[in-house]
Structure formats: structure tokens, C-alpha cells
Participant: 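Supplied in C-alpha cells, the structure appears directly below.
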There are 2 protein chains.
Amino acid sequence: MPTFDPPLKLMVVDDHFVFRAGLKTVLSLRNDFAVIAEADNAASAVERYARHQPDVTLMDLRLPDGTGIEATRQICTAHPDARILMLTTYDGDEDIHRALEAGAAGYLLKSVPGPELLRAIEAAARGERYIPPAVQQRLEERATFGELTDREREVLPLVVKGLTNRDIAGILNFTEFTAKAHVRSLLAKLGAADRTELVAIAVQRGLIHLD
Amino acid sequence: MPTFDPPLKLMVVDDHFVFRAGLKTVLSLRNDFAVIAEADNAASAVERYARHQPDVTLMDLRLPDGTGIEATRQICTAHPDARILMLTTYDGDEDIHRALEAGAAGYLLKSVPGPELLRAIEAAARGERYIPPAVQQRLEERATFGELTDREREVLPLVVKGLTNRDIAGILNFTEFTAKAHVRSLLAKLGAADRTELVAIAVQRGLIHLD
DNA sequence: CCCCGCATTATCCATTTGGCTAATAGTAGA
DNA sequence: TCTACTATTAGCCAAATGGATAATGCGGGG
């Protein structure tokens, strides 16, 4: 028996074999959904999107060859009508913000219950954004602090590495005073008392990914 | 057609609905495997293990009400013949070490390919330990540094919070000198140049879990 | 054109940190 | 019992940090 609507074409991008299997199983509960493509890395995700033109894409944030955010940005640039749902374990506000800014149509945690996942996909297919309340709340807490400047984003990872102001100055080619100024600004913006707490906060918020 | 062996009874413990679905799908490829129980938190994992007595249990490391390591410890204490495979995204040596020390029969990353997962389950069923080479390597790198003492384990989280030696001393009721001594020892054991790097290393190695 | 934010440099100063060394006491194991 | 490790305390010292303040130059927006 054919469905009224043509089946919704889905692509799944995740490097976890077992999770992909879970997604396919959950999605197969709906006979109007069809997983027409899969990818386990960013490069093939971009390539297969162009080839298969899925209606909605489920994308992991971390992939072996880069981030799902970069893949999302590339796909959305090339295909402005792309509907991409991020599906990840990372709940830091920075990751959420960057994903949406890259063009994602939604941001779900991998702990999402099946029915909510299906609802999010339907919403994305209709061209709507689906953001669960918990995720939305994370984003709003963020507003408290200002955006980081480009320089601050360069300095932050170096602080996390345990480098001193002098080391940082040497690497970025400015004086120790400048390094100090940027670190002071980072402390203020992220609400940290010292650089030790700065690391904890930056990791928690997804500004830095350790590994 | 009945299999020669009685079906191997499996329990799956993970709070991610989609991942559980994936596990069940992958495991159902083997008709001599049967998922007889599921749990999505530590407490019900312990309770259901006792009730269903599975042959092999697949256990996530992080659960809503605690850690899979604690659940593993409880189950292995009550049932010394339990075979529990940790299945997690955390690859820090401390998590691996603690899981094995708690009695786990193996430690797999969630990116495990299907066939390797099945092999690990078979090994666990035979009473063997299955540790993938990459995980084993992590454990061996660990040997470089000594174990942390109890005091050091108390001090570390406070350092990560951004507290000063004086603050730490106040909380743990000893002098600033003592705090300093423990921090110095932590820096040496974890190979960090300062407390900033200490945080990064502690998080990376799974000694501390943020959030 | 003026204001604002940013990057950069700079000074002063109190506090904190990290390295080195050392003593005492308790405890567990050889 | 002797040893090793740990916890605790302590002092000295150079270096790094964080707070407060300020000046300069640059670019964008009103």
C-alpha cells in the first residue's frame, strides 16, 4: 500500500555503527520515512548529500575527519534548502550556537526519546526549526556573557594547554601585556576566577574540545 | 531450527533509547543471542540483573543516576560470576582502569564495529576478558605515572573548580602548605606544568568528569 | 564626524603559584 | 623491625597571575 506522501528521504551521518543501526531501526517504524544514504565521516557526508539530495539529514557533531558543524556549513552553503538536524551528546551552548549558525534546522541530544526524534524530523521536513526546551535553555543562559572576539578564540586554546602569558605572546606574536589583556577579558566574559576555572568552563560550554 | 547452544541471555543498560535500539538490532543478527532485559539507569540495572540473571551485560559508563562503574561493582560483588562489558564513549585511562577494577569483563568504545562487538560478547560469555588494542594501549600509557592517593583525589576536583590552595585548605581542614604539597604531587604525577594544564589532563584522562 | 569596541602596549601592586628542601608522624608491608 | 609511602607542616624564593588603570590606533555604525 503506497503512502499518500512520497516517502521522506533521510540521510544518516554518524561514525558509530551501532548508533546508525539504532537510528535506522527507529526510523523504520515510520513507513513514510526512508533512509536513502549513510556516511561515517564529514567528507563523504558532503559528497553523498550532493549525490542523493535527502530531504532531512541527521548529523553527528564529532566525526573522524572533522566536525559535523563544518560539514553542515558546507552542505547548507551549497544547498540553501538543506534540512540538517544535529544529533549529538554534546550539550555545551557553544556547540549548539555554532551548529545553528552553520545552518542546522535543529539540535537534539542523543538521549532523545524516539517520538521526539520523529517529531523533530517532521518539523525539519516542513522547514521549521525544532529545538527541545532543555537545549533552548542552554542557549539562553549563554546570552549572559558576551561573544568572544577572534583574538580571544585564538588565545583560549593556548591557555587550556597550560601555556603562560609569555608563551602565548610568543606564539601569537605580541607582547606579554597583550596576552594578559586577552586572558583578563576571557576571565571576565566566561565568569572565571582564574585560568584554572577558565579551562573547566570552556570545556563545559563546548568552546574547547579536549582529545 | 534450534541452535546447538541455548540462546545467550543478554542485558542492555544505556539511557540512550536510540543506542539501545541499535544494540538490539545488531545483536538480533545472531539468533543464538537474546536480549532478555534492558535498563536505562543504574538502580534498575542492579535490580534487573538480580531478577533476570543475564549471561552477559552491556553497560554504559554514564547513567542518569550514577555511573555504570558503580552499578558494575555492585553487581559483581553480589554475583561474582557476572560478565559485564562496558560500552562507552569515554576513552580516558582512568575510566578504563576503574571499570576493570570494578569487575568489568571488557571495555569497548561505542564506535566499535558490529563484528568486534559480537566477538567481545562471545569472549565474555566464555569468561575471557576482551580489551581492544587501542583501549589496552591507553591503559599502558597510564603506567607511566603513579596512582593518585586518596587525598590527591580529594584535592583534584577542588583545583579544577578554580579554588586556590588556601580555599582548598579551608575545605579539607588542613593548612595551605598541605594543599600546596598535594597539588605539587598532582602536577608531578600527571605530568602537568601548572594547574591549568592539570585540569586539561585530568579531564582528558577521565579523572574528572565535568558537568 | 564622532563614538564605541577591539587590539595593542604599558605600569603598579598584592596575591598566588611552583620549585626546592626538610622535618615529623603514622601506617602498611617486607 | 626496618623500610617505604603518605600526610602533614614549614620556610625561602623566583616567577606568574590577576586587578586597576590608561594610552594609542583602527575600523565600523550612527
Side-chain angles (χ1 to χ4, degrees), chain A residues 94 97-98 101 142-205 207-208, chain B residues 94 97-98 101 142-205 207-208:
Chain A
E94 181 71 8
H97 176 263
R98 278 199 264 217
E101 175 263 333
R142 167 198 188 74
T144 320
F145 308 107
E147 283 285 315
L148 301 188
T149 66
D150 289 341
R151 256 327 194 194
E152 285 158 3
R153 282 175 202 280
E154 288 184 285
V155 171
L156 182 55
L158 302 178
V159 173
V160 173
K161 273 198 198 167
L163 301 183
T164 66
N165 291 331
R166 189 174 307 170
D167 294 335
I168 293 169
I171 290 172
L172 296 182
N173 276 93
F174 45 57
T175 68
E176 195 178 340
F177 303 114
T178 308
K180 233 179 135 174
H182 288 308
V183 170
R184 235 179 302 121
S185 178
L186 281 167
L187 292 173
K189 285 188 180 176
L190 298 188
D194 52 44
R195 34 180 85 205
T196 312
E197 200 183 0
L198 184 64
V199 175
I201 292 175
V203 171
Q204 228 167 7
R205 293 191 46 190
L207 288 156
I208 292 284
Chain B
E94 182 70 9
H97 176 261
R98 277 199 264 219
E101 175 263 333
R142 168 199 188 74
T144 320
F145 309 108
E147 283 285 314
L148 301 188
T149 66
D150 290 341
R151 257 323 194 197
E152 286 159 3
R153 281 174 202 281
E154 287 184 285
V155 171
L156 182 54
L158 302 178
V159 173
V160 173
K161 273 197 197 165
L163 302 182
T164 66
N165 290 331
R166 190 175 304 169
D167 294 335
I168 293 169
I171 291 172
L172 297 181
N173 276 94
F174 45 58
T175 68
E176 196 179 338
F177 302 113
T178 308
K180 233 180 135 174
H182 288 308
V183 170
R184 234 179 304 124
S185 178
L186 281 167
L187 292 174
K189 284 186 180 178
L190 298 188
D194 52 45
R195 33 181 85 209
T196 312
E197 200 184 358
L198 185 64
V199 176
I201 292 175
V203 171
Q204 228 169 4
R205 293 192 44 190
L207 289 156
I208 293 284

Participant: Under the criterion side-chain contact (heavy atoms from CB on, under 4.5 Å), I'd like the reasoning laid out for A/Leu172 against A/Leu158: C-alpha separation, chi angles, the key distance, then a yes or no.
Facilitator: CA-CA 10 Å; A/Leu172 296 182; A/Leu158 302 178; 3.9 Å; yes
Participant: Evaluate the side-chain proximity of A/Leu156 to A/Ile208: yes if any heavy-atom separation is below 4.5 Å, no if none is.
Facilitator: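 The answer is yes, as the side chains (C-beta and beyond) meet within the 4.5 Å cut-off.
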Participant: Taking CG from B/Leu187 and C1' from C/dC20, how many angstroms apart are they, rounded to a whole number?
Facilitator: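 That distance rounds to 14 Å.
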Participant: Taking all heavy atoms of B/Val155 and all of B/Phe174, pick out the closest pair and write down the distance.
Facilitator: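 Smallest heavy-atom distance, with atoms named: CG2-CZ, 4.4 Å.
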Participant: Which whole-number value in Å describes the distance from A/Leu148 CG to C/dA7 C1'?
Facilitator: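 Those two atoms, CG and C1', are 15 Å apart.
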Participant: Send over the distance from A/Asp150 CG to D/dG27 P, rounded to a whole Å.
Facilitator: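 So the CG-P distance, A/Asp150 to D/dG27, works out to 15 Å.
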Participant: Do the side chains of B/Arg153 and B/Glu147 get nearer than 4.5 Å, heavy atoms only?
Facilitator: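 Result yes, sub-4.5 Å side-chain heavy-atom pair found.
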Participant: With a 4.0 Å cut-off, would you call A/Glu94 and A/Arg205 a salt bridge?
Facilitator: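 Between A/Arg205 and A/Glu94 there is no salt bridge, as every charged N stays at least 4.0 Å from the carboxylate O atoms.
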Participant: Ion pair present between B/Glu101 and B/Arg98, side-chain N to carboxylate O less than 4.0 angstrom?
Facilitator: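 No salt bridge links B/Glu101 with B/Arg98.
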Participant: Considering only heavy atoms, which members of residues 174-181 of chain B lie under 4.0 Å from some atom of DNA chain D?
Facilitator: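 Those residues whose heavy atoms fall under 4.0 Å from DNA chain D, taken from residues 174-181 of chain B in numerical order, are B/Phe174, B/Thr175, B/Phe177, B/Thr178, B/Lys180, B/Ala181.
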Participant: As a test of reading the structure: which of D/dA20, C/dG19, C/dT8 is closest to the side chain of A/Arg184, going by heavy atoms?
Facilitator: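 Selected nucleotide: D/dA20.
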Participant: Map B/Asp194 and B/Arg151 onto DNA chain D by nearest heavy atom, then report which one ends up closer to the 5' terminus.
Facilitator: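 Whichever sits nearer the 5' end wins; that is B/Arg151.
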Participant: Quick check: on DNA chain D, is the nucleotide nearest B/Thr149 upstream (toward 5') of the one nearest A/Val183, or the reverse? Name the residue that is more 5'.
Facilitator: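 It is B/Thr149 whose nearest nucleotide is closer to the 5' end.
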Participant: What's the NE2-C1' distance between B/His182 and C/dG18, to the nearest Å?
Facilitator: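 Atom NE2 in B/His182 sits about 16 Å away from atom C1' in C/dG18.
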Participant: Any idea which heavy atoms bring A/Arg195 and A/Leu163 closest together, and the distance?
Facilitator: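 For A/Arg195 versus A/Leu163, the nearest heavy atoms are NH1-O, 3.1 Å.
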Participant: What integer distance in Å separates A/Arg195:CZ from D/dA15:C1'?
Facilitator: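 Those two atoms, CZ and C1', are 13 Å apart.
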Participant: Residues of residues 153-171 of chain B with any non-hydrogen atom less than 4.0 angstrom from an atom of DNA chain D: list those, numerically ordered, please.
Facilitator: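 Heavy-atom contacts with DNA chain D come from no residue of residues 153-171 of chain B; none.
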Participant: When you compare the side chains of A/Arg184 and A/Asn165, does any donor N or O come within less than 3.5 Å of an acceptor on the partner?
Facilitator: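 No - no donor-acceptor pair under 3.5 Å links their side chains.
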Participant: Got a list of side-chain donor-acceptor pairs under 3.5 Å for residues 196-204 of chain B, not counting sequence neighbours?
Facilitator:
residue: B/Glu197; atom: OE1; partner: B/Ala193; partner atom: N; Å: 2.8
residue: B/Gln204; atom: NE2; partner: A/Asp211; partner atom: O; Å: 3.2

